[in-house]
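Heads up: the structure comes next, in C-alpha cells.
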Number of protein chains: 2
Amino acid sequence: MANDDNAKPKHEHKPGITNPMLYDGSFSKSVPQGDNRERLICNDCGFVNYQNPKIVAGVVCVHDDKVLLCKRSIEPRLGYWTLPAGFMEEGESAEHGALREAREEANAELEVEQLLAVYSIPRISQVQLMYKARFKGAPEFSAGEESLEVRLFDWDDIPWDELAFPSALWALEQYRTVWGQKEFAPFTNPEGDWGNFFKKRD
Amino acid sequence: MANDDNAKPKHEHKPGITNPMLYDGSFSKSVPQGDNRERLICNDCGFVNYQNPKIVAGVVCVHDDKVLLCKRSIEPRLGYWTLPAGFMEEGESAEHGALREAREEANAELEVEQLLAVYSIPRISQVQLMYKARFKGAPEFSAGEESLEVRLFDWDDIPWDELAFPSALWALEQYRTVWGQKEFAPFTNPEGDWGNFFKKRD
C-alpha cells in the first residue's frame, strides 16, 4: 500500500483490508438490515463493525508416548505449562496456524494427524481447535520466544497442577482416551465446563 | 454500562470489552514484545489491535434422507441455495452458533450430532465449522429473514448448479460419504481447494 499506515484516512471501511482504528467517522448503535442485534454502524457510509470470536489453534504432539509441553514465558499464566497453541492469523488455514504456533513456541516442525477437539470458551469469545500432531522428522525442539522451556513429558510426569489453561487439561485427558486410535470423532468441552476455572480432576 | 456508547472516550483499550472504533489515541505499526509480526499499537497505552480470522458455524441437517437448504435473500449470492450457516457471535459456543443460525435462517429447532468438517478459507480469513444436525422434534421449518425459501431436498434434487458457496458443496458431498455412520473424523478442505471458486464436480 502506498498509504502511510499511521495516517487517519477519512474512510476506508473495507472489512478485512483496513483497520477500524484508522477510521474517522462517527458510529451509532443500530440493527443492520437482515440482522437481529445491535452493531456499531458508521454514520457516513453504513459500514457495520461486526465483532466476532477469535480462534486459537494448537497441537497435542506425542512422541514415544511422551507429550510436548511449553512453559510460558509470557502472561497470562507465565511459568505454567501448556500445549503449543495461539491465535490464528489472517490468511492462513487452521492447520497452518497450529503448526506455526508449534514452530514459534517450541521450534518444532510438526505435521497434523487429525483434529482432536473443538472447544468453546464463551466468556472470552474463543474457539480452540486442537490437533493431534507428530514430528515431521527427528523430535527436535527448543524454547521459542514465548517459552521458558520445552519438554517431552511421560504421562505420569506431566505437571498437572502447573497447567496454564483448563483446555490444556481437557485436550491431554481426552487425547488419552483415543491414544493409538487412528480415527475418531473430535471432542468438545467436557459436559457443562466452559473453561472459566480449573475443575478438580477425577 | 452507564456510558453513552456513541461517545468517544479517550481510552478504553480493554480488548473484548470495548470497541476499537471508539478509541481516540493514535496508533503505530510495530512488532509487540514476544510477537513476530507488525500490529497496530496505541501510542499512548500500548494496546495491541490484533486482527484475526472469523468463524462461520453451520449445519448439514438431514431428515428422511433429505437435506435442509436455504435460498439466500441477502448478498452475497442472493437467490442461491446454501446450508444454514453464519458468523459466530461473541459469548456463544460454536454449536450454539450453528443452531442459532438454523433458527434464524430456517426457523428450525435442531440439535447437533457431530462435527462434520472444519474448512479454512484463507483468502477471506474464515474458518467454517459445519455440524451434522437433526430436527429436535417434528421437521418444522420456514424462511427466516435471510432466506427467500427453505426446503428439504432429496439428494438428486439438490440444486447443485445453484449452490451459493464452494463450502456448501464440500459439506454436502463429504456428508454423503459418511451417511449413516455414527462416528467419523471430521473433514477439511478438499485437497488443494481453498474455496476461491467452484471446482468442477467429478
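We name chains A, B, ... by the order of the sequence lines, and we start the count at 1 in each one. The model shown is predicted, which means the values in this text are computed figures rather than measured ones.
The contact between A:N36 and chain B is made entirely by side chain atoms (from C-beta outward), counting heavy-atom distances below 4.5 Å. When heavy atoms are compared at a cutoff of 4.5 Å, B:I124 does not approach chain A at all. For A:E104, the part lying under 4.5 angstrom from a heavy atom of chain B is the side chain only. A:I121 does not touch chain B: none of its heavy atoms, backbone or side chain, sits under 4.5 Å away.
The main-chain N or O of B:G91 is found under 3.5 Å from a side-chain atom of A:S125 such that the two form a donor-acceptor pair. Here the side chain of B:N52 pairs no donor or acceptor atom with the backbone of A:K54 at under 3.5 angstrom.
With rounding to the nearest 0.5 angstrom, the CD1 atom of A:I55 is 9.0 Å from the CE atom of B:M88. Rounding to the nearest 0.5 Å places OG of B:S120 at 8.5 Å from CD of A:E92. Summarising the geometry, atom OG belonging to A:S93 is positioned 14.5 Å from atom OH belonging to B:Y119; distances are rounded to the nearest 0.5 Å.
Residues B:V127 and A:L129 form a side-chain contact, since some pair of their non-hydrogen atoms from C-beta on lies under 4.5 Å apart.
Salt bridge annotation for A:E89-B:R39: present, with a cationic side-chain nitrogen under 4.0 angstrom from a carboxylate oxygen.
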Go through the steps for A:L115 and B:L115 under the test side-chain contact (heavy atoms from CB on, under 4.5 Å), then give the verdict. CA-CA 10 Å; A:L115 183 65; B:L115 182 65; 3.6 Å; yes
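Put simply, of A:P53, A:G144, A:S73, the one with the most heavy-atom pairs under 4.5 Å next to chain B is A:P53. Top candidate by heavy-atom pairs under 4.5 Å with chain A, chosen from B:E183, B:Q126, B:R37, B:H96, is B:R37.
In this structure, A:P186 and B:Q114 approach most closely via the heavy-atom pair CD-NE2, 3.9 Å.
Around CZ of B:F184, the count of heavy atoms belonging to other residues, nucleotides or ligands within 6.0 Å exceeds 12. Atom CD of B:E38 has more than 12 neighbouring heavy atoms from other residues, nucleotides or ligands inside a 6.0 Å radius.
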